[in-house]
Amino acid sequence: MKISAIVLAAGSGSRMQSSKKKQFMEIKGKPLVWYSLFAFEKYGVDEIILVTGSEDIDFCKKEIVEKYNFTKVKDIVAGGKERYESVYNGLKHISGDIVLIHDGARPVLTNEIIERGINGAIKDNACVVGVPVKDTIKIVNENNEVVDTPNRNTLWITQTPQCFKTTMIKEAYRAYEKVFAPGTDRSRITDDAMVMEQFGHAKVKFIEGDYKNIKVTTPEDISVVESFLQD
């Protein structure tokens, strides 16, 4: 069975308040996206597709893939304006039976998470890495007034990788594409699991992730992941 990974590194990182795109910002001497690529390179994956901005393809090839000798990166492809387009472009280039779709801004990716994701996709067709919510969550209205407090035991924080049998996630994305005309706002679909939930033929199951598997989004996150990467 062949395993593919798609690493998403096409975002602008506007909330990082930096002139450099966050996926290329250095953390402990390496570009942020290096950590995800390295994790997949060394464990359990046969091929990697790196999705980045069209203007960054040459940079990624020379300064990341070739510089760090990532031999499993099969292709570097252009992403889109929305996550949907970036993932779909990546899916068109994979050849594996199982695919793990991962945010390149989540550098604390362990062998254990990858293994659980692969096994979960094989067993259940579709699974998402995540962790149970620790805090009480409140639902508010437009005036910030509390309207509900959901049962914390039913809430999970969604992480990546999100892992699927390739034929099933490709089918779900093709169905998703047909539903919405070009130019339609797809921003309400925020991850791959939602595509499977609404347009696929498999129930999405949560599997154990790690509270350290955070996404670098704001400057404060950098010091946090740096401390995790010291472990």
Side-chain angles (χ1 to χ4, degrees), residues 3-16 18-45 47-94 96 99-111 113-114 117 128-130 157-164 169 190-193 209-210 212-219 221-222 224-226 228-229:
I3 310 298
S4 301
I6 295 173
V7 175
L8 301 173
S12 62
S14 57
R15 282 178 285 181
M16 288 302 297
S18 171
S19 58
K20 182 181 288 188
K21 294 181 179 179
K22 72 175 179 182
Q23 57 267 35
F24 306 133
M25 294 177 64
E26 287 199 356
I27 293 183
K28 297 181 71 65
K30 297 289 194 307
L32 176 59
V33 71
W34 178 90
Y35 292 92
S36 300
L37 294 172
F38 181 74
F40 285 126
E41 175 87 15
K42 70 177 183 177
Y43 185 82
V45 165
E47 66 175 15
I48 304 167
I49 303 298
L50 176 59
V51 182
T52 191
S54 57
E55 70 279 9
D56 297 320
I57 290 177
D58 287 342
F59 174 85
C60 287
K61 180 180 179 181
K62 296 174 183 176
E63 298 299 324
I64 295 178
V65 175
E66 293 179 356
K67 179 177 179 178
Y68 297 105
N69 193 31
F70 286 124
T71 60
K72 291 184 180 179
V73 176
K74 172 186 172 184
D75 210 345
I76 306 171
V77 303
K81 293 181 179 180
E82 301 175 5
R83 181 189 176 91
Y84 153 80
E85 295 170 308
S86 295
V87 172
Y88 200 22
N89 287 351
L91 287 172
K92 292 172 183 176
H93 289 79
I94 65 170
V99 59
L100 283 65
I101 304 169
H102 186 64
D103 295 325
R106 292 184 187 270
V108 193
L109 177 62
T110 65
N111 294 349
I113 290 174
I114 294 172
V128 174
V129 171
I157 298 169
T158 305
Q159 300 177 338
T160 67
Q162 302 193 356
C163 315
F164 308 91
I169 190 63
T190 56
D191 70 355
D192 318 301
D210 193 315
K212 296 180 180 180
N213 183 25
I214 69 169
K215 186 176 183 180
V216 174
T217 304
T218 62
D221 297 328
I222 294 177
V224 175
V225 298
E226 283 180 336
F228 291 159
L229 291 168

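FYI, side chains are in, hydrogens and waters are out, and symmetry mates aren't considered; it's all heavy atoms of this structure.
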Practice item. Quick one: closest heavy-atom pair of Tyr35 and Ile27, and the distance? Key: OH-O, 2.5 Å

Review point. Do you know the tightest heavy-atom contact between Ile6 and Leu91?
Key: CD1-N, 3.6 Å

Exercise for review: Determine whether more than 12 heavy atoms belonging to other residues, nucleotides or ligands lie under 6.0 Å from atom NZ of Lys61.
Suggested key: no

**Study point:** Side-chain (Asn89) to main-chain (Ala78) donor-acceptor, under 3.5 angstrom
**Key:** yes

Exercise for review: Look at the side chain of Glu85 and the backbone N and O of Glu82, then say whether any donor-acceptor pair between them is shorter than 3.5 Å.
Suggested key: yes

Revision key, fill the gap. Closest non-hydrogen atoms of His93 and Glu47, given as atom of the first, atom of the second and distance, are O-OE2, 4.5 Å

Review point. Out of Arg106, Arg83, Gln23, His102, which one pairs with Leu8 under the side-chain contact (heavy atoms from CB on, under 4.5 Å) rule?
Key: Arg83

Point to revise | Over all atoms of both residues, closest heavy-atom pair of Ala193 and Val128 | key: CB-CG2, 3.5 Å

Check your understanding: Between atom CG of Leu50 and atom CD1 of Ile76, what is the distance when rounded to the nearest 0.5 Å?
Key -> 5.5 Å

Practice item. Measure across Pro161 and Ile113 and return the closest heavy-atom pair with its distance rounded to 0.1 Å. Key: CD-CG2, 3.7 Å

**Study point:** Donor-acceptor under 3.5 Å (Glu41 side chain, Leu37 main chain)
**Key:** no

Study note, to complete from the structure: Taken to the nearest 0.5 Å, the spacing of Lys21 NZ from Thr52 OG1 works out to 6.0 Å

**Study point:** Minimum heavy-atom distance Ala10-Gly79, with the two atoms named
**Key:** CB-CA, 4.2 Å

Practice item. First locate atom CG of Asn111, then atom OH of Tyr43, and finally report the distance between them rounded to the nearest 0.5 Å. Key: 6.0 Å

Exercise for review: Answer yes if the ring centres of Phe24 and Phe59 are under 6.0 angstrom apart, and no otherwise.
Suggested key: yes

Check your understanding: Quick check: does any side chain N or O of Gln162 sit under 3.5 Å from a backbone N or O of Asp192, one acting as donor and the other as acceptor?
Key -> yes

Check your understanding: Taking atom CZ of Phe40 and atom CD1 of Ile49, what is their separation to the nearest 0.5 Å?
Key -> 12.0 Å

Practice item. Could you go through the side chain to side chain contact (heavy atoms under 4.5 Å, CB included) check for Phe70 and Ile48 one step at a time? Key: CA-CA 9 Å; Phe70 286 124; Ile48 304 167; 5.9 Å; no

Point to revise | Main-chain N/O of Ile94 paired to Ser4 side chain as donor or acceptor, under 3.5 Å | key: no

Point to revise | Within 45° cone and under 6.0 Å: Lys92 NZ/CZ vs Tyr88 ring | key: yes

Exercise for review: Flag the pair Thr160 / Ile101 as yes when at least one side-chain heavy-atom distance between them is below 4.5 Å, and no otherwise.
Suggested key: no

Exercise for review: Look up atom CG in Leu100 and atom OG in Ser36, then write down how far apart they are to the nearest 0.5 Å.
Suggested key: 11.5 Å

Review point. Within the side chain of Lys22, is there an N or O that forms a donor-acceptor pair under 3.5 Å with the backbone of Val216?
Key: yes

Review point. What is the distance from atom NZ of Lys215 to atom CG of Leu32, rounded to the nearest 0.5 Å?
Key: 10.5 Å

**Study point:** Donor-acceptor under 3.5 Å (Gln159 side chain, Asp210 main chain)
**Key:** yes

Review point. Is there a side-chain contact between Tyr68 and Pro31 (heavy atoms, below 4.5 Å)?
Key: yes

Review point. Does Val7 offer a backbone N or O that forms a donor-acceptor pair with the side chain of Asp103 under 3.5 Å?
Key: no

Review point. Do the non-hydrogen side-chain atoms of Val108 and Ile214 ever get within less than 4.5 Å of each other?
Key: no

